[in-house]
Amino acid sequence: MKPVSATLLLVLDLLGTFVFAMEGASTGVQHELDLLGIMALAFVTALGGGIVRDLLIGSVPPNSINDWRYAATALFAAAVVFAGHNAVGHIPYWLLITLDAAGLGFFAIAGAGKALDFGIHPLLAILLGGVTGVGGGTIRDILLAQIPGVLRTDIYAAAALLGAAVLVLGLRIKLRPAFASTLGIVACFTLRMVAVHEHWNLPRVLGH
Amino acid sequence: MKPVSATLLLVLDLLGTFVFAMEGASTGVQHELDLLGIMALAFVTALGGGIVRDLLIGSVPPNSINDWRYAATALFAAAVVFAGHNAVGHIPYWLLITLDAAGLGFFAIAGAGKALDFGIHPLLAILLGGVTGVGGGTIRDILLAQIPGVLRTDIYAAAALLGAAVLVLGLRIKLRPAFASTLGIVACFTLRMVAVHEHWNLPRVLGH
Amino acid sequence: MKPVSATLLLVLDLLGTFVFAMEGASTGVQHELDLLGIMALAFVTALGGGIVRDLLIGSVPPNSINDWRYAATALFAAAVVFAGHNAVGHIPYWLLITLDAAGLGFFAIAGAGKALDFGIHPLLAILLGGVTGVGGGTIRDILLAQIPGVLRTDIYAAAALLGAAVLVLGLRIKLRPAFASTLGIVACFTLRMVAVHEHWNLPRVLGH
C-alpha cells in the first residue's frame, strides 16, 4: 500500500509509535517498574501489534526488527517519560485520548493495507488491522498480568476494525488508496472519540 | 498428511474449530466480556494452537490466516453463543466434554501430522501435536490473566500427546495414514473420557 | 557466529538449556503443577527466549524445534527435578545464581550473534540478545499469571543487554569472535553477580 509518499507514511508511523510508546512507558511508571521495564513496556505497546501482524502474514523479520528507527523511537519515548515523568502526568487527558485515537486509526489502516499487500483475504486483513491497532496494548496488559483492557472496555478494538474495514471496502470499490486510507483513519478516529465522549459500550450478555 | 480425503479433513477441522470456539466464547460470556471480546476469545481458543504450531514449523501465513473459512467459523460460533446464551448454558456437560475430547484428538493428530510433513523430528512433532490441541485454550487463559488450566488440571494435555504419539508411532511402523490417524484420535478421546470419568490426575510433587 | 568450535558451542548451549530448564521445573514444583505442567515450564523457560528470537529474525523452524536435543535436554532436566525434588531444593543458592548468570551470559551473546548473522541492525541485535536471555523466564511468568520478575527485579535484563552489547561492539572493532564472545559472557556474568551481591537496582520513578 503506497497511498501517499513513503516519507509521509514513515513519519506517521513513527509518530504513532511515539504516542503508543509514551502510553506504554506511563503504564510502566504507574506499576513502579525500573527503567528497563519501562523501556520494555514502551517497546511492546508501540510495536507489538505490528510484530504479531508481520509474523502472521509472513513478513519476517518484522518491520520494527528490520528498521532500527522504530526501536529507537520507542526507547526515546520511554526515556522522555522516565526523565520528565512529572510533566507527562500533566499532559491533558483529552490530548492523550486524541493522539491515541489518531495513532489507532493509522495503525489499523496500515496493518490492513499491509495484509492485503501480502495476499491475505479481506476478512482476515480487517482482523489483522485490528490486531495491529490493539495488539501492542494487549501484550502490555498480559505482561502486567491483567486482563487486556481492550477485551472489556468500551469501543476501542471496534474502532480499529471499523477503520480497517473502511479501507478494505474503499479499495474494493476502487477508491484511490490515499483517499481510502484517509477515510479509514477518519472513521476509526471519529468512532473512538464519539464513543469516549458518549460512554458508548458494545453489548454484552447480561445476568451472568 | 492426506490420510483421508481432503474434504473430510477440512470438515473435521472446521467442526473442531466450531466446538473449541464455542467453548472460548462461553468463557468470554462468563467473564462478562463484550461482543468483540467474546469473538476474540473464540478465535484464539479455536485457532491459537494451530497458529503457534504453524509459526514454529515455518508454515506461514498460518492455515487459519490463509483460509478465511476458519476465522468465519470461529466468529460464527461466537455469534451463536452470544445470541443464544441461555440455550448454550443448557448444553449437557457430558456432550460438551465429549465433543471437546473428539476435537482435541483431531487437533492433536492433525498438528503432529503437519509437523512431520514439514520435516520436524518425531519427538518435536508429538510436542507440536500437543501444542495444537491445548495451545488455544492456553492463550485464552493467558488473556484472562489466569494460570492455564491445562498446566494444573487432570489429564488433558496428556491425552493430546498420547494421540499424537500414537499417530507418529503408527506411521513409523508403516500403518496406513488413515488408520494411524484414527487410532490416534481414538486413543486421545478414550484417555480423556476415562480420565474425566475416573477423576484421574497426573502425579505431582507433594509437600510443597 | 562461529567464535569457537561448533561442538563447544553446542555443549554450552545444552548446558545453559539444562540450567534454565531446571529453574523452570523448580518453579513448576513450587506452583504445585503436575508432571506435564512442570515439563512445559521447563521447556518454555529454557527455550522460549531463543524461539522468540528465531521467529523475529526469520530463522524458522527455530533451532530448538529443528534439533531434538534441546527439547530432550529440557524434558530430562524436568524429570530430574521431578524425581529428585528434595535434592534439588538443597542445591545451594549461590551455585544456582552462579550457573544462572553464566547461562544468561551465554544465551545473550549467542542470541545477539545469531541476530547479526541474519543481518539485523546492531541496536536490534543487542535487544534480541536480551530477549534470548530473559524471554524464556518472561513466558514462564506469564504462564503463571505473574508480572515477569525481569520487569521489576534488580539487574538481570541489564546484564544480558550488557553482554550482548559487549559482543556487538567487540565485533565492530574487529576483535576475534571467540574473544568478543568471551568478553561479553564475562561482562554479563560479572555485572549480574556483583548486582546480586550488592543488591543493585536500576533507577525507577519515585512517588507513584
Side-chain angles (χ1 to χ4, degrees), chain A residues 24-44 47-48 50-52 54-56 58-76 78-89 138-147, chain C residues 51-62 114-128 130-131 133-135 137-162 168 191 195 200-208:
Chain A
S26 299
T27 314
V29 170
Q30 281 157 25
H31 282 76
E32 305 188 2
L33 302 186
D34 63 27
L35 178 54
L36 259 186
I38 289 168
M39 287 184 156
L41 277 203
F43 187 94
V44 300
L47 304 173
I51 287 175
V52 170
D54 283 351
L55 290 179
L56 291 178
S59 167
V60 282
N63 202 26
S64 49
I65 301 294
N66 230 356
D67 183 338
W68 63 273
R69 288 173 293 193
Y70 291 93
T73 299
L75 298 182
F76 178 64
V80 167
V81 167
F82 188 78
H85 56 95
N86 288 317
V88 167
T138 302
I139 300 176
R140 177 199 59 207
D141 291 346
I142 290 174
L143 285 174
L144 295 170
Q146 295 178 340
I147 297 183
Chain C
I51 287 175
V52 170
R53 174 207 60 213
D54 283 353
L55 290 179
L56 291 178
I57 65 177
S59 168
V60 282
K114 185 166 182 181
L116 288 178
D117 279 352
F118 274 73
I120 304 293
H121 185 275
L123 169 66
L124 270 304
I126 294 172
L127 294 181
L128 287 167
V131 166
V134 310
T138 302
I139 299 175
R140 177 199 59 208
D141 292 346
I142 289 173
L143 285 174
L144 295 170
Q146 295 177 341
I147 298 183
V150 73
L151 281 182
R152 40 186 4 153
T153 325
D154 55 28
I155 293 188
Y156 192 81
L161 291 170
L162 174 68
V168 169
L191 174 57
W200 280 351
N201 278 295
L202 288 181
R204 64 193 71 202
V205 175
L206 297 176
H208 272 267

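Below, chains carry the letters A, B, ... as their sequence lines are ordered, and counting in each starts from 1. Here the structure is a predicted model, which is why all the values come from computation and not from measurement.
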All pairs passing salt bridge (Lys or Arg N to Asp or Glu O under 4.0 Å) where residues 139-151 of chain C contributes a residue, at least two apart: none
Residue list, side chain to side chain contact (heavy atoms under 4.5 Å, CB included) with C:Ile142, at least two apart or on another chain: A:Ile142, A:Leu143, B:Ile142, C:Thr138, C:Pro148
Neighbour count >12 (heavy atoms, 6.0 Å) for atom CZ, C:Phe118: yes
A:Tyr70 versus chain C, the contacting section by heavy-atom distance below 4.5 Å: neither
Side chain / backbone / both / neither for C:Ile147 at chain A, heavy atoms under 4.5 Å: both
Pick from C:Ile120, C:Leu128, C:Val60 with the largest number of heavy-atom pairs that fall under 4.5 Å of chain A: C:Ile120
Over all atoms of both residues, closest heavy-atom pair of C:Ala158 and A:Leu36: N-CD1, 3.3 Å
